[in-house]
Visitor: 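Have a look at this one.
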Amino acid sequence: MEQRRATGMAPVLAGWVLALLLAPFPLDAEPDYAGQRAILVDDVIATQARYGDRPFDPTVLDALGRTERHLFVPEEVRAAAYANRPLPIGHGQTISQPVIVALMTELLRVVPGDRVLEVGTGSGYQAAILAEIGVEVFTLEIVEPLAIEAKARLAALGYDGVTVQHGDGYYGWPDRAPFDAVIVTAAASHIPPPLVDQLRPGGRMVIPVGSRFFTQYLMLVEKREDGTPLVRQLLPVRFVPLTGGH
Ligand code: SAH
């Protein structure tokens, strides 16, 4: 009898112990996003050590460690904001995988004060990473609601160095050209000639090229001093398609 009563009390006691342990962490407290970001940066470093040819530039890693990715994704996927993977942002579009964002940023070899054209604003996350490095970003988004949302988000977060516009990025932004670098975050069937034109000699462009159903490759385009492009195929990737009338 005594024995049975003792067993019956066990769950109650366990419940109290649990309650005491959890007391300092109310359920509605914000998750430790800074801690999650630090883990993400470690994951990006480890991924690069496994597949890359050299470690990422500390400036790129610092930008990744500072940029609040959870504020760039919809509420429904916020819990996965710091997982090293792409996430849906609505309108059939995605925010790129952090390691790919780091790689593309690194490939641009930008320095503070540079002017960069981005095609495919999406959530605005890639633009924010570039702004954290100190470059001025001009970014075009073809889906109007995404452009409006990203513009408001970047302004609210104080990213004054980013200018967002709704439009078809295939044609670039002639009024703001030339650019020190161009980054395209949607897969094109070919390298858009207007974007090469708007790159300054010596400038670099990263762009995924390929179709929706076949392998896409990340390409690095360097515009030589004589204006001709030098194109290198880097690695297979998977991006949403570049749309528009071209
Ligand atoms: N850089 C984004 C990733 C966006 S995914 C981020 O950090 O979140 C690619 C984006 O390119 C999508 O939002 C898509 O709508 C946009 N896009 C596709 N074709 C485009 C075009 N022709 N011009 C401008 N944006 C385009």
Side-chain angles (χ1 to χ4, degrees), residues 30-31 33-34 36-38 40-41 44 56-75 77-78 81-82 84 86-91 93-169 172-173 175-186 195 198 203-206 239-240:
E30 195 175 81
Y33 288 125
Q36 292 181 20
R37 252 192 323 275
L40 170 65
V41 171
V44 166
F56 282 127
D57 188 324
T59 359
V60 173
L61 294 171
D62 286 351
L64 207 66
R66 277 197 306 271
T67 311
E68 300 188 286
R69 195 173 189 247
H70 68 280
L71 301 179
F72 290 82
V73 298
E75 187 115 36
V77 295
R78 194 152 292 160
Y82 293 103
N84 192 6
L87 293 170
I89 55 168
H91 304 274
Q93 307 305 323
T94 53
I95 181 173
S96 307
Q97 186 182 6
V99 71
I100 294 291
V101 171
L103 178 66
M104 291 174 81
T105 305
E106 166 110 11
L107 287 167
L108 296 178
R109 295 230 192 107
V110 285
V111 293
D114 275 356
R115 293 155 44 82
V116 178
L117 172 68
E118 180 190 30
V119 175
T121 316
S123 66
Y125 178 70
Q126 172 73 71
I129 293 275
L130 288 165
E132 288 282 350
I133 290 175
V135 310
E136 198 180 349
V137 187
F138 300 89
T139 179
L140 292 165
E141 171 55 55
I142 204 164
V143 177
E144 192 167 21
L146 283 178
I148 293 170
E149 232 177 85
K151 188 178 202 154
R153 172 181 295 127
L154 289 160
L157 294 174
Y159 287 107
D160 302 333
V162 183
T163 311
V164 183
Q165 191 165 287
H166 168 231
D168 185 347
W173 199 330
D175 295 355
R176 302 302 188 114
F179 300 101
D180 298 293
V182 175
I183 177 169
V184 182
T185 66
L195 299 185
Q198 290 170 34
R204 292 156 75 92
M205 161 157 62
V206 278
F239 279 82
V240 294

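Every heavy atom of this structure was used, including side-chain atoms; hydrogens, water molecules and symmetry mates were not.
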Visitor: Which atom pair, heavy atoms only, marks the closest approach of Gly172 to Leu140?
Guide: O-CD1, 3.4 Å
Visitor: Of the non-hydrogen atoms in Val44 and Ala102, which two are nearest, and what is the gap between them?
Guide: CG1-CB, 4.1 Å
Visitor: Could you list the donor-acceptor pairs under 3.5 angstrom formed between side-chain atoms of residues 161-169 and any protein atom two or more places apart in sequence or on another chain?
Guide:
{"residue": "His166", "atom": "NE2", "partner": "Ile142", "partner atom": "O", "Å": "3.1"}
{"residue": "Asp168", "atom": "OD1", "partner": "Tyr170", "partner atom": "N", "Å": "3.0"}
{"residue": "Asp168", "atom": "OD2", "partner": "Gly245", "partner atom": "N", "Å": "3.4"}

Visitor: What residues form a side chain to side chain donor-acceptor pair (under 3.5 Å) with Arg115, not counting sequence neighbours?
Guide: none
Visitor: Can you measure from CG (Asp180) to CZ (Arg204) and round to the nearest 0.5 angstrom?
Guide: 12.5 Å
Visitor: Quick one: which residue pairs count as a ring pair (Phe, Tyr, Trp, His ring centres under 6.0 Å) with a foot in residues 95-130, not counting sequence neighbours?
Guide: Phe72-Tyr125
Visitor: Once side chain to side chain contact (heavy atoms under 4.5 Å, CB included) is applied, do any residues pair with Pro88, and if so which ones, sequence neighbours excluded?
Guide: Val77
Visitor: Holding to side chain to side chain donor-acceptor pair (under 3.5 Å), I want the full list of residues that pass it with Asp62, two or more places apart in sequence or in another chain.
Guide: none
Visitor: Who pairs with Thr121 by side chain to side chain donor-acceptor pair (under 3.5 Å), at least two apart in sequence or on another chain?
Guide: Thr139
Visitor: Could you tell me which non-hydrogen atom of Ile89 sits nearest to which non-hydrogen atom of Ser123, and how far apart they are?
Guide: CD1-N, 3.5 Å
Visitor: CG of Asn84 to CD1 of Ile100: how many Å apart, nearest 0.5 Å?
Guide: 9.0 Å
Visitor: Check Ala63 against Ile133 and note the closest heavy-atom contact, atom names and distance.
Guide: CB-CG1, 4.0 Å
Visitor: Minimum heavy-atom separation for Gly122 and Ala150, please, with both atom names.
Guide: O-CB, 3.6 Å
Visitor: Do any pairs count as a salt bridge (Lys or Arg N to Asp or Glu O under 4.0 Å) and have a residue in residues 148-164, sequence neighbours left out, and if so which ones?
Guide: Glu149-Arg153
Visitor: Just verifying a value: how many Å separate Glu118 CD and Glu141 CD, rounded to the nearest 0.5 Å?
Guide: 8.5 Å
Visitor: With a 4.5 Å cut-off on side-chain heavy atoms, are Leu130 and Ile183 touching?
Guide: yes
Visitor: With side chains defined as the heavy atoms from C-beta onward, is the minimum distance between Val182 and Gln198 less than 4.5 Å?
Guide: no
Visitor: Under the salt bridge (Lys or Arg N to Asp or Glu O under 4.0 Å) rule, collect the residues that match up with Arg66, sequence neighbours excluded.
Guide: Glu132
Visitor: So, using side chain to side chain donor-acceptor pair (under 3.5 Å) as the criterion, who are the partners of Glu136 when residues are at least two apart?
Guide: none
Visitor: Quick check for you: to the nearest 0.5 Å, what is the distance between Ile95 atom CD1 and Arg69 atom CZ?
Guide: 4.5 Å
Visitor: Taking all non-hydrogen atoms of both residues into account, name the closest pair between Val73 and Arg78 and its distance.
Guide: O-NH2, 3.0 Å
Visitor: Nearest 0.5 Å please: distance from the CG atom of Leu108 over to the CZ atom of Phe179.
Guide: 13.0 Å
Visitor: Mind checking side chain to side chain contact (heavy atoms under 4.5 Å, CB included) for Ala38 and listing every partner two or more places apart, or none if nothing turns up?
Guide: none
Visitor: Could you name each residue pair satisfying side chain to side chain donor-acceptor pair (under 3.5 Å) that touches residues 94-110, not counting sequence neighbours?
Guide: Thr105-Gln126
Visitor: Could you work out, with salt bridge (Lys or Arg N to Asp or Glu O under 4.0 Å) as the rule, every residue matching Asp114, not counting sequence neighbours?
Guide: none
Visitor: Which value, rounded to the nearest 0.5 Å, describes the distance between Tyr82 atom OH and Leu40 atom CG?
Guide: 8.5 Å
Visitor: Are the side chain of Arg37 and the backbone N or O of Leu64 linked by a donor-acceptor pair below 3.5 Å?
Guide: no
